[in-house]
Amino acid sequence: MINSFTDSLELHDRNGNNEPEQNYTSGAAVEIWEKFISLLAQNVKPSEIKTWFSVLVPKSYENNVLTIEVPSKDFYGMIEKRFNKKISSIIESGLLGENGKLAYIVSQESLFDENTNEHTEELKRNTKVTNFRYPYGNQREAKKEAEPFTSNLLSRHTFENFVKGESNDLAVAAAFAIANNPGGSYNPYLVYGGVGVGKTHLVQAIGNEILKKYPDKRVYCLTTQEFTNQFTTSIATQKFDFSNGKSGTKSLDSFYRSLDVLILDDIQNLEGKPGTQDFMYQIFNNLYNSKKQIIFSSDKPISQLKSITERLISRFQWGITVDIQPPSWEMRVAIIQKKLNEASINDVPEDVIHYIATNIKDSIRSIEGCIVNLIAESLFVTKGEINLELAERVVHKFLGNVRRAKSVSIENIIFAASEYFKISENQILSRKRTKEVAFARQVAMYLAKEMTSYTLESIGLNFGGKDHATVLYAYNTISESMKRNPEVRNIITDIKNALSKM
């Protein structure tokens, strides 16, 4: 299939029959492309050249046709939308010769193609998701390093179920390029935006796609708080005996040096932590100098990050910085439809979807929370039927909770509990029954029941699909413990205080 900017531009599918024979080592193609970029730079900002054209690769120049490889059809479409006239002008200037053309080879199909079931199943098979095990410990633990490396990625965060639109088009386009060429031009990659707009989903989707394309690469993802916990724990283990002769931060540093891709979520949490920042600075330099890919997310732009050293801030700015805005109305409609389809609910009236999209505006996370509550209410109130009356009631209750509790949501409660007990949110949402994790989960469920007006069923769904009986048991257990144990009461008070400051 061929799509054209103009009659002078063509798009070839690498797997199709339209691809011209090429000389992949053609020096002429490189020379012509350099001249092309030089002319383009006269009318295009340097930042735009770096963002959109630095990842394009000249392949051949034959019969006045310059063939360029692009990361994906989506990336090609973004270039077409932004630079069609400027590109056509250069071609018409005669740079490529008489009747010259610029042909584009797509290195892969769109990451958003409709038929992605086979891709998704392959990703699930190849991406092993487990909780992080520290790369240091006693000799017995050190021997476990021979086990397969685990990414700490969530397999559900893929490009296929990420809804793209005008609010995130640049972030997604750059993500395409990174997935095709990790450690290339967009390094580091920093995406920022408000709470719940899809930053974590996008950065993890990059990691999952890299693992699909390059199964042997060591891709590792964690939050900045988890990174800080690792660093402080490593200092406390300086006296441990290690089979490889390394201890404490040396062992942790060795682990990070071994990575091919590092994904660090919520880097704003580096603020006010000079020791962790120094350690991050060293890791950044090691990975960057080795051309390893570094990916960051933040809830604020770099200029608004406080109490972070200038040398680290400058490194955040070395690559590309993109933002994700709150979704538009059309994008909210698409997200709602996708979330309902993922739940195998396909017969929701259009007026219901439009009503939710009109009233739930702030973030994708809020939309997801509203959908979870809508499904729960429909199962237990209307026997599975979703109509406008039910939607109005759920949205009214959902918005009322937001106004009443401000930032106190079930997600914030889970986050606060994970921070307090120094375990991951994934562990709280899992079915793991160790004493520490089970207690943290019960505390979070108690707070969800105590501080919100969600039903037991809705709370259970937000905790990874637990039933209402589990939530009620957790609430009663913590309530009784608080009567007998002042330490439990202090824990509840501390977490409530943390939530009040969010």
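All residue numbers in this chain count up from 1 along the given sequence.
For the pair Val219 and Gln204, the minimum side-chain heavy-atom distance is 4.5 Å or more. Taking 4.5 Å as the limit, every side-chain heavy atom of Val197 sits out of range of all side-chain heavy atoms of Gln325. Side-chain contact check for Ile263 versus Leu153: some heavy-atom pair is nearer than 4.5 Å. Contact annotation: the side chain of Phe421 never approaches that of Ile428 to less than 4.5 Å [non-hydrogen atoms, C-beta and beyond].
The nearest pair of heavy atoms linking Val70 to Tyr104 is CG1-CD2, 2.9 Å. Nearest heavy-atom pair across Gln293 and Asn181 is OE1-O, 4.5 Å.
Side-chain contact, Asn269 with Glu271: no donor N or O sits under 3.5 Å from an acceptor N or O. Arg315 and Tyr281 share a donor-acceptor pair across their side chains, judged by distance under 3.5 Å alone. Inspection of the Thr158 and Glu160 side chains reveals an N or O donor paired with an N or O acceptor under 3.5 Å. In summary, the side chains of Asn229 and Gln225 do present a donor paired with an acceptor at a separation below 3.5 Å, with no hydrogens or angles considered. Side-chain contact check for Thr200 and Asp265: at least one donor-acceptor pair (N or O, by modelled atom type) lies under 3.5 Å. At a cut-off of 3.5 Å, with distance as the only test, a side-chain donor of Tyr256 or Gln230 sits close to an acceptor on the other residue.
Note: Phe279 and Phe227 have parallel aromatic rings, judged against thresholds of 30 and 60 degrees for the angle between ring planes.
Annotation: cation-pi pair Lys217/Tyr214 present, NZ/CZ under 6.0 Å from the ring centroid and within 45° of its normal.
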Can Trp318 and Asn187 be said to form a side chain to side chain contact (heavy atoms under 4.5 Å, CB included), step by step? CA-CA 7 Å; Trp318 279 1; Asn187 194 25; over 6 Å; no
